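The structure appears right after this line, and notes come after that.
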Amino acid sequence: MYILFVIFFLISLFLSRIIRKYVRGNVVVRLIRILLMGCSYLLIFIFIPFPKINFEVSISFLLVVILLSIVFILFDCKQLLQSNRRGLFAFLPKVKGEQLISRFGEVSIIPIVEELFFRGTIPFEASNFYTVLMVFLSTVLFSIAHYFGNDKTVKYHVILCLFSITSAGIYIFSENIIYSIVFHIIFNMPWFITNVRVYLYQKERERRKNAI
């Protein structure tokens with residue numbers, strides 16, 4: 001199981017980097033790219049059981065998950081506040097529609113795929129030792145997956161590891177991957193909203209400039 005997990009991770013990581021490098025273009029191509037990057041990770045479920053999904057959620061536990069998401073968002077609060085200063089929007093790199101689609105993937109397809117692969121593969125029937133071992137392994141690989149093309153600071157990866165362990169704990173406690181997916185989507189949401197704000201501001205600024 002653990003060897004299989006690592007093998008699929010390495011194959012999927014390699015394919016993701018190839019797809020990210022060569023599959024570029026308009027909105028449709030970006031959507032295809034996101035889907036292709038996710039498919040390779042999900043192929044592992046040909047060999048192991050698919051994680052438990054139950055849409056009948058507990059409101060009280062869902063509120064706990066939302067609260068935990070907000071706690072992790074607060075770790076990035078300073079940078080988020082700075083990036084949302086409207087006065088700086090005009091000086092930021094132009095946000096294109098294609099980039100916005102990629103950002104949308106981070107609050108839709110990507111969190112689903114990542115939670116299914118990194119948390120949904122944690123075995124419930126195994127002993128506590130092997131469950132902890134799988135949580136540790138998935139946390140390390142989750143951090144490695146976010147190393148390429150992202151922040152490489154120690155702080156960033158410490159937060160990622162804590163995030164991964166928390167998400168794994170949510171899944172183990174609830175035995176329902178839906179909660180982990182919600183946790184992940186909410187955590188990614190602020191940066192998507194930030195990019196939408198910048199995009200709309202720049203489009204409006206461009207429209208006004210053309211109207212003069």
Side-chain angles (χ1 to χ4, degrees), residues 1-25 27-57 62 65 69 98-126 130-150 160-161 163-189 191-192:
M1 165 63 189
Y2 306 100
I3 295 173
L4 187 68
F5 180 68
V6 173
I7 290 172
F8 267 93
F9 169 78
L10 293 174
I11 292 171
S12 300
L13 184 64
F14 173 75
L15 290 175
S16 294
R17 288 184 59 76
I18 295 295
I19 292 167
R20 192 187 297 271
K21 184 176 181 179
Y22 293 105
V23 182
R24 294 177 175 273
V27 171
V28 175
V29 175
R30 289 279 177 145
L31 284 170
I32 293 171
R33 182 172 92 162
I34 294 168
L35 290 170
L36 286 174
M37 287 170 63
C39 285
S40 56
Y41 283 98
L42 298 182
L43 289 175
I44 193 172
F45 296 110
I46 296 173
F47 303 96
I48 65 172
F50 202 76
K52 296 180 180 180
I53 299 177
N54 184 0
F55 290 100
E56 294 181 6
V57 298
L62 187 61
V65 169
S69 300
E98 294 83 0
Q99 293 171 310
L100 213 57
I101 289 297
S102 296
R103 282 293 186 183
F104 177 71
E106 294 173 6
V107 293
S108 55
I109 298 168
I110 294 172
I112 294 172
V113 170
E114 288 189 348
E115 291 307 314
L116 287 171
F117 182 79
F118 289 104
R119 262 62 75 175
T121 48
I122 297 171
F124 291 119
E125 68 281 358
Y130 286 107
T131 300
V132 170
L133 181 62
M134 189 62 185
V135 171
F136 174 77
L137 181 61
S138 66
T139 296
V140 171
L141 296 186
F142 184 70
S143 179
I144 292 172
H146 289 80
Y147 180 81
F148 302 99
N150 290 296
L160 270 183
C161 289
F163 174 86
S164 181
I165 293 168
T166 304
S167 189
I170 289 169
Y171 178 54
I172 292 168
F173 184 81
S174 65
E175 297 189 8
N176 186 358
I177 198 67
I178 290 295
Y179 293 109
S180 294
I181 291 171
V182 170
F183 174 65
H184 199 146
I185 289 173
I186 295 173
F187 175 70
N188 285 356
M189 190 63 74
W191 283 112
F192 171 66

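The model shown is predicted, which means the values in this text are computed figures rather than measured ones.
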*asked:* Main chain of Leu160, side chain of Ser164: is a donor-acceptor contact present, judged purely on distance under 3.5 Å?
replied: no
- Query: Sub-3.5 Å donor-acceptor pair from the side chain of Ser180 to the main-chain atoms of Ile170, do we have one?
  - Reply: no
Review point. Taking side chain as C-beta onward, heavy atoms only, is Ile18 less than 4.5 Å from Phe14?
Key: yes
Contacts of Ser102 meeting side-chain hydrogen bond (donor to acceptor under 3.5 Å, both in side chains) (sequence neighbours excluded), chain-then-number -> Arg30
>> Would Arg119 and Tyr179 count as a cation-pi pair here, with the cationic atom under 6.0 angstrom from the ring centre and within 45° of the axis?
In response: no
When rounded to the nearest 0.5 Å, the distance separating CD1 of Ile178 from CZ of Phe55 is 4.0 Å
Rounded to the nearest 0.5 Å, the OG atom of Ser69 sits from the CZ atom of Phe183 at a distance of 5.0 Å
Evaluate the side-chain proximity of Leu4 to Thr121: yes if any heavy-atom separation is below 4.5 Å, no if none is. no
Minimal heavy-atom distance between Val113 and Tyr41, with the atoms involved, is CG1-CB, 3.8 Å
Sub-4.5 Å side-chain heavy-atom contact between Thr166 and Phe163
no
Applying side-chain contact (heavy atoms from CB on, under 4.5 Å), run through Leu43 and Ile11 and close with a yes or a no.
CA-CA 11 Å; Leu43 289 175; Ile11 292 171; over 6 Å; no
Sorted by chain and residue number, the side-chain contact (heavy atoms from CB on, under 4.5 Å) partners of Phe104 (sequence neighbours excluded) come out as Val107, Ser108, Phe192
When every non-hydrogen atom of Asn188 is compared with those of Pro111, the smallest separation belongs to ND2-CG, 4.0 Å
On a heavy-atom basis, the closest approach of Leu116 and Pro51 is CD2-CG, 3.4 Å
- request: Compute the centroid of each ring, for Phe117 and then for Phe8, and state whether the two points are separated by less than 6.0 Å.
  value: no
Taken in chain and number order and not counting sequence neighbours, the residues that satisfy ring-ring contact (aromatic ring centres under 6.0 Å, His included) with Phe45 are Phe50
When rounded to the nearest 0.5 Å, the distance separating CG of Leu10 from CG of Leu15 is 11.0 Å
To the nearest 0.5 Å, atom CE of Met37 lies from atom CZ of Arg17 at 10.0 Å
Taken in chain and number order and not counting sequence neighbours, the residues that satisfy side-chain hydrogen bond (donor to acceptor under 3.5 Å, both in side chains) with Arg103 are Glu106
Smallest heavy-atom separation, Glu115 atom then Ile177 atom, equals O-CD1, 3.5 Å
When rounded to the nearest 0.5 Å, the distance separating CD1 of Ile185 from CD1 of Ile112 is 5.5 Å
For Ile34 and Ile101, what are the C-alpha separation, side-chain angles and deciding distance, and is it a side-chain contact (heavy atoms from CB on, under 4.5 Å)? CA-CA 9 Å; Ile34 294 168; Ile101 289 297; 4.2 Å; yes
Interatomic distance, CD1@Ile122 vs CE@Met134, rounded to 0.5 Å, equals 6.5 Å
Residue set satisfying side-chain hydrogen bond (donor to acceptor under 3.5 Å, both in side chains) with Gln99, at least two apart, ordered chain then number -> none
TODO: Please say whether more than 12 non-hydrogen atoms of neighbouring residues, nucleotides or ligands are located less than 6.0 Å from OH in Tyr2.
DONE: yes
Nearest heavy-atom approach of Val182 to Leu62 is CG1-CD1, 4.0 Å
If we ignore hydrogens and angles and just use 3.5 Å, is the side chain of Asn54 paired with the main-chain N or O of Asn176 as donor and acceptor? no
Those residues at least two apart in sequence (or on a different chain) that pass side-chain contact (heavy atoms from CB on, under 4.5 Å) with Cys161 are Thr139, Ser143
Could you check whether the rings of Phe9 and Phe118 sit parallel, tilted or perpendicular, using 30° and 60° as the cut-offs? perpendicular
*Note, Leu141 side chain near Ile144 side chain (heavy atom, < 4.5 Å)*: yes
Tightest non-hydrogen contact, residues Pro123 and Thr131, listed as O-OG1, 3.4 Å
